Visitor: 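The following block contains the structure, expressed as structure tokens.
Heads up: numbering here begins at 1 and tracks the sequence. As the structure lists them, so they are numbered: ligands from 1, and atoms in each ligand from 1. The shown structure was predicted, so the numbers you read here are calculated from the model rather than taken from an experiment.
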Amino acid sequence: MVDYDEELAAETERVYLMPEIVRQRAKTIEALNLRAGEQVLDIGCGMGLLTRELALAVGPTGSVLGIDNSQPMLALAERRCADLPYIELKNESADAIPQADSSFDAIACTQLLLYLPNVAQTIQEMHRLLKPGGRIAIVETDWRNVLLECDDQPFMRQLFAAWEESIASPHLPGQLESHLITAGFSAVKVDAIPLLNTSYLLDNYSGQMVAYSLRVGRKSGAVTAAQADNFLAELKQRSAEHRYFFCVNRFLFTAIKI
Ligand SMILES: C[S@@+](CC[C@H](N)C(=O)[O-])C[C@H]1O[C@@H](n2cnc3c(N)ncnc32)[C@H](O)[C@@H]1O
């Protein structure tokens, strides 16, 4: 289980401020096609980066409710959203959201479902919470599709597999359309959002993700200290020699409740 304590909350915030994820947010906002005055729910709102952008899109005649079950994440969101009183933030769990049926015009749910064992139930909840005609945007990643140039491909696969083992539903993109249709959604569409780096930098997306996966692998015992050091040294050398290439796709699903 991933515990979003203060350290992981701060680290996630750093990563989610990077240009790769700024672009992902812009695509998510665009896909929701929000109008002034709409009521929006952000499930697993984290540090409030998307929540704030949703609120700016609907303006003060609308409202945004952000829910998350991590207090450190909500503390960051509260700071970020303090100047927008039409944002409400609540400590709630995604599988039982205590809101009336048909409360929202739009729901955003980005990089949350992978942590949940009961994804189908949460998607049914989303359907219940949307008004007829309401729109949903979900972003998820499948780390089996990571492309990272390195000498030891089996080690790289093992590294990302160790990270996936720490989450409940790591392979969702291929299952989401079926979950959405089963829950009653229509007009399901999917788009890929590549997170692409051709340099190894500590402050780009892949640098952070490799560091995080190595830490998870070290903790679980799947990766030794020597393996981690050698892997990082190789990636730095590849980057210096213009032989570094990292890409993983995120998938943006949109659908409508008829
Ligand atoms: C990777 S962050 C994504 C944050 C945000 N959606 C974004 O894209 O910027 C995942 C978030 O899901 C939250 N989360 C995980 N399990 C949850 C649950 N069962 N109910 C509510 N939030 C949850 C975590 O606390 C964390 O803030």
Visitor: Who's closest to atom 20 (N) of ligand 1 heavy-atom-wise, of Pro72, Ala94, Ser70?
Guide: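 Heavy atom nearest to atom 20 (N) of ligand 1 belongs to Ala94.
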
Visitor: Does a donor on one side chain and an acceptor on the other come within less than 3.5 Å for Arg250 and Gln24?
Guide: yes

Visitor: Looking only at protein heavy atoms, which one is nearest to atom 1 (C) of ligand 1, and what is the separation?
Guide: Tyr4 OH, 3.2 Å

Visitor: Hey, does Leu50 sit under 4.0 Å from ligand 1 if you only count heavy atoms?
Guide: no

Visitor: With a heavy-atom distance limit of 4.0 Å, tell me whether Leu116 approaches ligand 1 through its side chain, its backbone, both, or neither.
Guide: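 Only the side chain of Leu116 comes within reach of ligand 1.
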
Visitor: Among Thr141, Leu112, Thr110, which one has a heavy atom closest to atom 3 (C) of ligand 1?
Guide: Thr110

Visitor: Going by side-chain hydrogen bond (donor to acceptor under 3.5 Å, both in side chains), name the residues that satisfy it together with Asp83, two or more places apart in sequence or in a different chain.
Guide: Arg52

Visitor: Would you say Tyr244 and Ser206 make side-chain contact, with heavy atoms under 4.5 Å?
Guide: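 Tyr244 vs Ser206: side chains touch.
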
Visitor: For a 4.5 angstrom cut-off between non-hydrogen side-chain atoms, does Ile97 reach Glu92?
Guide: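 With C-beta onward as the side chain, the pair stays apart.
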
Visitor: If you measure from each heavy atom of Arg25 to ligand 1, is any distance below 4.0 Å?
Guide: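 In this structure, Arg25 fails to qualify as a contact of ligand 1 - no heavy atom is under 4.0 Å.
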
Visitor: Run the ring-centre check on Phe185 versus Phe253 and record whether the distance is less than 6.0 Å.
Guide: no

Visitor: Hey, which atoms in ligand 1 end up nearer than 4.0 Å to a heavy atom of Met47?
Guide: 9 (O)

Visitor: With nothing but distance in play, are any N or O atoms of Met73 less than 3.5 Å from an N or O of ligand 1?
Guide: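 No; the residue has no nitrogen or oxygen that sits under 3.5 Å from a nitrogen or oxygen of the ligand.
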
Visitor: Side chain, backbone, both or neither: which part of Leu49 comes within less than 4.0 Å of ligand 1 when only heavy atoms are counted?
Guide: neither

Visitor: Pull out every atom of ligand 1 sitting under 4.0 Å from any heavy atom of Gly44, numbered as shown with elements.
Guide: 4 (C), 5 (C), 6 (N), 11 (C), 22 (N)

Visitor: Has ligand 1 got any nitrogen or oxygen that is less than 3.5 angstrom from a nitrogen or oxygen of Tyr16?
Guide: no

Visitor: For Asp68, is at least one N or O under 3.5 Å away from an N or O on ligand 1?
Guide: yes

Visitor: Looking at atom 18 (C) of ligand 1, what's its closest protein heavy atom, distance included?
Guide: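 The protein heavy atom lying closest is Asn69 ND2, 3.2 Å.
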
Visitor: Identify whether the distance between the nearest side-chain nitrogen and carboxylate oxygen of Arg79 and Glu13 falls below 4.0 Å.
Guide: no

Visitor: Using the salt bridge (charged side-chain N to carboxylate O under 4.0 Å, His left out) definition, which of the options Arg135, Lys131, Lys257 pairs with Asp105?
Guide: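 Between Asp105 and the candidates, salt bridge (charged side-chain N to carboxylate O under 4.0 Å, His left out) is satisfied uniquely by Lys131.
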
Visitor: Sequence neighbours excluded, which residues qualify as salt bridge (Lys or Arg N to Asp or Glu O under 4.0 Å) partners of Lys189?
Guide: none

Visitor: Which bit of Cys45 gets closer than 4.0 Å to ligand 1, counting heavy atoms only: side chain, backbone, both or neither?
Guide: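 Just the backbone.
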
Visitor: Just to confirm my output: which protein heavy-atom neighbour is closest to atom 10 (C) of ligand 1, and how far is it?
Guide: Gln111 O, 3.4 Å

Visitor: Is there a donor-acceptor pair closer than 3.5 Å between any side-chain N or O of Gln39 and the backbone N or O of Gly37?
Guide: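 Yes; judged by distance alone, with no hydrogens or angles, the pair exists.
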
Visitor: Touching ligand 1 at all, Glu92? Heavy atoms, strictly under 4.0 Å?
Guide: yes

Visitor: Of the options Ile67, Leu89, Leu65, Val40, which is the one that meets Thr51 in a side chain to side chain contact (heavy atoms under 4.5 Å, CB included)?
Guide: Leu89

